[in-house]
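Report on the following structure.
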Amino acid sequence: MEKVYIMEHPLIQHKISMLRDKNTGTNEFRKLVEEIAVLMGYEAFRDLPTEDVEIETPIETCKTPFISGKKLAVIPVLRAGLGMVNGILTLVPSAKVGHVGLYRDPVTHEPHEYYCKLPESINERINVIVDPMLATGGSAEAAVDYVKKQGGRNIKFMCIIAAPEGLKRLHEAHPDIQIYCGHLDRCLNEHAYICPGLGDAGDRIFGTK
Ligand SMILES: O=P(O)(O)OC[C@H]1O[C@H](OP(=O)(O)OP(=O)(O)O)[C@H](O)[C@@H]1O
Ligand SMILES: O=c1cc[nH]c(=O)[nH]1
Ligand SMILES: [Mg+2]
């Protein structure tokens with residue numbers, strides 16, 4: 001699938017394995033999610049545009065690359081996406097932060113929107129939507145729909161674990177966006193949870209279960 005990137009880096013895989021372990025507690029889980037976001041961001045930002053700017057080193061004047069004009073927005077899908085925000089801000093501290101609040105109905109598995117707020121001039125930004133889990137793909141599709149409706153054109157979606165069903169759905173609904181997955185898992189179960197997955201990412205990040 002064009003524009004779909006599955007991360008193969010051993011550090012990312014190692015940290016995802018630690019996340020999966022049911023004995024990993026809230027504090028460690030939260031730290032790992034943030035670290036994985038840094039590592040995934042490093043990969044996903046390979047194509048950030050740069051421009052040469054003249055500076056003076058202590059030795060001489062030279063033209064050297066800086067990240068160019070494009071402003072970045074990191075947009076977590078609440079709640080679980082919040083866990084990835086600081087990882088992205090570690091790489092690009094000047095990024096603005098938007099929020100897309102969605103929860104998945106436990107019976108129908110359909111996403112419900114409850115709070116959304118994006119930074120200004122979303123049409124001029126590189127918009128990085130983050131959510132650790134891509135299960136049926138309903139929430140990711142709705143989040144991208146929303147960002148596009150607000151004018152967003154340049155969009156990357158980043159998740160830690162994807163199910164094949166959700167990846168297919170998101171790619172088919174939004175073939176223009178880049179999708180980055182830490183790992184592609186086997187399938188969904190009858191409750192639309194990812195197998196083997198890591199359980200409910202939001203509950204594990206915030207200790208709510
Ligand atoms: O691909 P889908 O089938 O839509 O499922 C994935 C969504 O489910 C989880 O959120 P959840 O609804 O549990 O909300 P939470 O982050 O507040 O726990 C997860 O963080 C995604 O947003
Ligand atoms: O496996 C899953 C599916 C949806 N949301 C989660 O947090 N985990
Ligand atoms: Mg949840």
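This is a predicted model, so every value here is computed, not measured.
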Any pair counted as ring pair (Phe, Tyr, Trp, His ring centres under 6.0 Å), so long as it reaches residues 16-66, sequence neighbours left out: none
Does the distance from a Lys or Arg side-chain N to an Asp or Glu carboxylate O, for [X] and [Y], drop under 4.0 Å?
X: Lys168; Y: Glu172; answer: yes
X: Glu124; Y: Lys71; answer: yes
X: Asp203; Y: Arg79; answer: yes
X: Asp52; Y: Lys63; answer: no

Nearest-0.5 Å distance, [atom1] of residue [X] to [atom2] of residue [Y]:
X: Asn86; Y: Leu82; atom1: CG; atom2: CG; result: 9.5 Å
X: Leu78; Y: Glu113; atom1: CG; atom2: CD; result: 10.5 Å
X: Leu91; Y: Ile88; atom1: CG; atom2: CD1; result: 6.0 Å
X: Ile36; Y: Ile160; atom1: CD1; atom2: CD1; result: 4.5 Å
X: Leu32; Y: Ile16; atom1: CG; atom2: CD1; result: 10.0 Å
X: Glu141; Y: His171; atom1: CD; atom2: NE2; result: 13.0 Å

Over all atoms of both residues, closest heavy-atom pair of [X] and [Y]:
X: Asp131; Y: Ala80; answer: OD1-CB, 4.3 Å
X: Ala135; Y: Ala163; answer: O-CB, 3.7 Å
X: Pro119; Y: Gly98; answer: CD-CA, 3.7 Å
X: Gly202; Y: Thr208; answer: O-OG1, 4.1 Å
X: Cys195; Y: Asn189; answer: SG-CB, 3.6 Å
X: Gly101; Y: Cys116; answer: N-SG, 4.0 Å

Leu72 vs Arg125, side-chain contact (heavy atoms from CB on, under 4.5 Å): CA-CA, chis, key distance, verdict: CA-CA 5 Å; Leu72 203 124; Arg125 294 180 188 276; over 6 Å; no
His183: partners by side chain to side chain donor-acceptor pair (under 3.5 Å), with sequence neighbours left out: Arg20, Asp185
Counterpart residues, side chain to side chain donor-acceptor pair (under 3.5 Å), relative to Lys148 (two or more places apart): His174, Asp176
Met84-Leu11 co-clustered via ILVMFWY side chain contacts under 4.5 Å: yes
Linked, directly or transitively: Met40 and Leu48 (ILVMFWY side chains, under 4.5 Å): yes
Set of salt bridge (Lys or Arg N to Asp or Glu O under 4.0 Å) partners for Asp47, sequence neighbours left out: Lys156
Step-by-step side-chain contact (heavy atoms from CB on, under 4.5 Å) determination, Gln178 to Tyr5: CA-CA 8 Å; Gln178 292 164 303; Tyr5 309 90; 3.8 Å; yes
Connected-component partners of Ile129 among ILVMFWY, side-chain separation under 4.5 Å: Met1, Val4, Ile6, Ile75, Val77, Val100, Leu102, Leu118, Ile122, Leu134, Val144, Tyr146, Val147, Ile155, Phe157, Leu167, Leu170, Ile177, Ile179, Leu184
Residues clustered with Tyr193, ILVMFWY side-chain links under 4.5 angstrom: none
Using a 3.5 Å distance criterion without hydrogens, assess whether the side chain of [X] forms a donor-acceptor pair with backbone atoms of [Y].
X: Glu165; Y: Leu188; answer: yes
X: Thr24; Y: Met18; answer: yes
X: Thr136; Y: Gly138; answer: yes
X: Arg204; Y: Leu19; answer: yes
X: Ser68; Y: Pro49; answer: yes
X: Thr57; Y: Glu60; answer: yes
X: Arg30; Y: Ile205; answer: yes
X: Gln13; Y: Gly182; answer: yes

Could you tell me if the side chain of [Y] sits less than 4.5 Å from the side chain of [X], heavy atoms only?
X: Cys62; Y: Glu54; value: no
X: Pro196; Y: Arg186; value: yes
X: Ile161; Y: Leu198; value: yes
X: Met7; Y: Tyr180; value: yes

Over 12 non-hydrogen atoms of neighbours within 6.0 angstrom of NE2 in His14: no
More than 12 heavy atoms of other groups within 6.0 Å of Glu120 CD: no
Step-by-step salt bridge (charged side-chain N to carboxylate O under 4.0 Å, His left out) determination, Arg104 to Glu110: CA-CA 5 Å; Arg104 199 174 75 147; Glu110 287 300 312; over 6 Å; no
Aromatic ring pairing Tyr103/His112, orientation class (parallel under 30°, perpendicular over 60°, tilted between): parallel
Check against side-chain contact (heavy atoms from CB on, under 4.5 Å), Asp200 and Lys209: CA-CA 9 Å; Asp200 188 300; Lys209 213 167 223 169; 5.6 Å; no
